[in-house]
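Residue indices begin at 1 and follow the sequence shown. Just the heavy atoms: all of them, side chains too, but no hydrogens, waters or symmetry mates, feed the values below.
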Amino acid sequence: MLVRLPRSVSEAQSCLAEGAVPVGGATLVWAGWQRDGFPEQAVSLRELPEAKVIGDGALGSAVLLHEIDERVPEVLRKAAGGVGTGAVRRTATVGGNIVGSTLRCLLPAALVLDARAVVLEADGPIETDLPELLAKRPLLLSLHWREPVASGYRKLTDQLRGEVPFVVAAAVGADAPVLRVAVRDGYDVLSETVPYDTDTGRVLRALALTPLGTLPEAVFEAVRDVVGGVVERAGAR
C-alpha cells in the first residue's frame, strides 16, 4: 500500500481523484484493511497545513487528539481528552473521530459550538454543516466556530447505553443568546437549542420539554450540572 502525504489542497485533490483512501490516524481503518484487504493507495493529511490548524476558532482534521489544548474551547478539549487511552489519543485524529468513527466522541462538542466543516470536494474546499458532513462523509479538512461565551463537558462512564457511555456537552454561543446542549445516547447524538437565561432553572425547564427531558434521570442530572456550570460562567463574563 502506498501512503501519500499531500502538502497542498490541490495535491490532496489529485490523491482522491486517483483513488487514494483517507487513512486518518489508522486507529479505526487498519483492522478493517487487515480483514478485507489493503487499498492500493491511502492518503494522510498530516503534512497539509489546512488540516493541522489549532486555535482562533479552528481545528484541523489531521490534528491528533493529544495535541488539542487550551487553544480550543473547554468543551472540545475535554471531549478529546476523554477518548480512549493515551496511546489512542497520540494516534487518533479529529477527522477520523468525527467522520470515521461510530462513537464520534467529538461530535457533541462540535454541535454545541455550532461548528461548520470545511471539506474537500472535486471542485475544491467548501463549507458545510455537520449533518451534511455526516451524511455524505467527504474528506474533512477542518472545523470552524465562533468562540463561545462558556462551555462544559462530562463523560458519564457509569451510565451506559449498551457499552457506550453517555456524554453531555453544552455551550452558550457568542453570536446569539442561546444555549446549546448535546448528549450522546448510545451511537446517537441528541442536540437541542434553548434561549439563554441567567436563571438556570428557566433554562432547565425549557430543556425538560425537549427530547432531552426523556433521558434517564441520572443522565438528565448530569445535564443539570453541566448546564448550571455553563450558565454560571457565562453570567460572570
Side-chain angles (χ1 to χ4, degrees), residues 56-59 68 72-80 82 94 97-99 101 103-119 126-136 140 142-156 159 161 164-237:
D56 294 327
L59 183 63
I68 297 176
V72 305
E74 176 185 337
V75 63
L76 199 51
R77 187 171 69 249
K78 286 188 173 181
V94 170
N97 184 273
I98 291 182
V99 181
S101 170
L103 290 176
R104 299 184 178 116
C105 304
L106 301 185
L107 180 58
L111 285 169
V112 300
L113 292 175
D114 197 27
R116 301 280 293 175
V118 175
V119 303
I126 66 166
E127 186 178 274
T128 188
D129 58 26
L130 294 179
E132 185 82 357
L133 171 70
L134 299 178
K136 294 187 175 179
L140 175 66
S142 55
L143 298 174
H144 297 260
W145 60 86
R146 291 192 63 187
E147 194 70 19
V149 177
S151 67
Y153 178 90
R154 183 176 302 176
K155 184 175 184 179
L156 285 68
Q159 296 293 328
R161 182 77 77 185
V164 181
F166 282 87
V167 298
V168 176
V172 174
D175 54 345
V178 297
L179 182 137
R180 297 181 177 90
V181 180
V183 176
R184 185 180 68 190
D185 180 359
Y187 292 100
D188 298 320
V189 177
L190 307 176
S191 179
E192 297 292 340
T193 300
V194 296
Y196 169 69
D197 196 304
T198 54
D199 185 324
T200 304
R202 278 196 287 267
V203 174
L204 291 171
R205 285 192 290 274
L207 287 171
L209 297 176
T210 73
L212 295 181
T214 65
L215 290 167
E217 176 55 31
V219 179
F220 197 74
E221 182 61 33
V223 171
R224 292 189 187 98
D225 290 344
V226 173
V227 167
V230 169
V231 169
E232 181 179 351
R233 291 193 295 277
R237 293 182 64 172

Cut-off 3.5 Å, no hydrogens considered: what does the side-chain donor-acceptor table look like for residues 199-207, sequence neighbours left out?
unit_1 : atom_1 : unit_2 : atom_2 : d
Asp199 : OD1    : Gly201 : N      : 2.8
Asp199 : OD1    : Arg202 : N      : 3.3
Arg202 : NE     : Asp197 : OD2    : 2.9
Arg202 : NH2    : Asp197 : OD1    : 3.3

Can I get a per-line list of side-chain donor-acceptor pairs under 3.5 Å for residues 145-155, giving both atom names and the distance, sequence neighbours left out?
unit_1 : atom_1 : unit_2 : atom_2 : d
Ser151 : OG     : Val75  : N      : 3.1
Arg154 : NH1    : Asp225 : OD2    : 3.4
Lys155 : NZ     : Gly82  : O      : 2.7

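Atom CG of residue Leu134 and atom NZ of residue Lys136 lie 12.5 Å apart, to the nearest 0.5 angstrom. Note that the CD atom of Glu132 and the CD1 atom of Ile126 stand 7.5 Å from one another [nearest 0.5 Å]. Note that CG of Leu106 and NZ of Lys78 are 15.0 Å apart. Values are rounded to the nearest 0.5 Å.
Contact annotation: the side chain of Val118 approaches that of His144 to within less than 4.5 Å [non-hydrogen atoms, C-beta and beyond]. Two residues are said to be in side-chain contact when any heavy atoms from C-beta on lie closer than 4.5 Å; Arg180 and Leu111 fail this criterion. Counting heavy atoms from C-beta outward, Val178 and Val194 have side chains that stay 4.5 Å or more apart. Counting heavy atoms from C-beta outward, Thr193 and Leu179 have side chains that stay 4.5 Å or more apart. You'll find the side chain of Leu190 reaches within 4.5 Å of the side chain of Leu215, heavy atoms only. At a threshold of 4.5 Å between non-hydrogen side-chain atoms, the residues Glu192 and Pro211 count as touching. Between Ile98 and Leu143, some side-chain heavy-atom pair lies under the 4.5 Å cut-off.
Nearest heavy atom pair, residue Val99 against residue Leu133, reads CG2-CD1, 4.0 Å. Closest approach of Tyr187 and Leu103 over heavy atoms only: CE2-CD2, 3.6 Å. Between Cys105 and Asn97, the shortest heavy-atom distance links the atoms N-OD1, 3.1 Å. For Val112 against Ala182, the heavy-atom pair with the smallest separation is CG1-N, 3.5 Å. The two residues Ile68 and Leu76 have their closest heavy-atom pair at CG2-O, 4.3 Å. For the pair Val183 and Phe166, the tightest heavy-atom approach, listed with the atom from each and the gap, is CG1-CD2, 4.0 Å.
In the displayed structure, Glu232 atom CD is contacted under 6.0 Å by at most 12 heavy atoms of other residues, nucleotides or ligands.
Looking at Arg224 and Glu217, a side-chain N of the basic residue comes within less than 4.0 Å of a carboxylate O on the acidic one, giving a salt bridge.
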> What's the verdict on side-chain contact (heavy atoms from CB on, under 4.5 Å) for Val164 and Arg184, showing C-alpha distance, side-chain angles and the deciding distance?
Replying inline: CA-CA 9 Å; Val164 181; Arg184 185 180 68 190; 3.6 Å; yes

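Remark: the backbone N or O of Asp185 is not paired with any side-chain donor or acceptor of Arg161 at under 3.5 angstrom.
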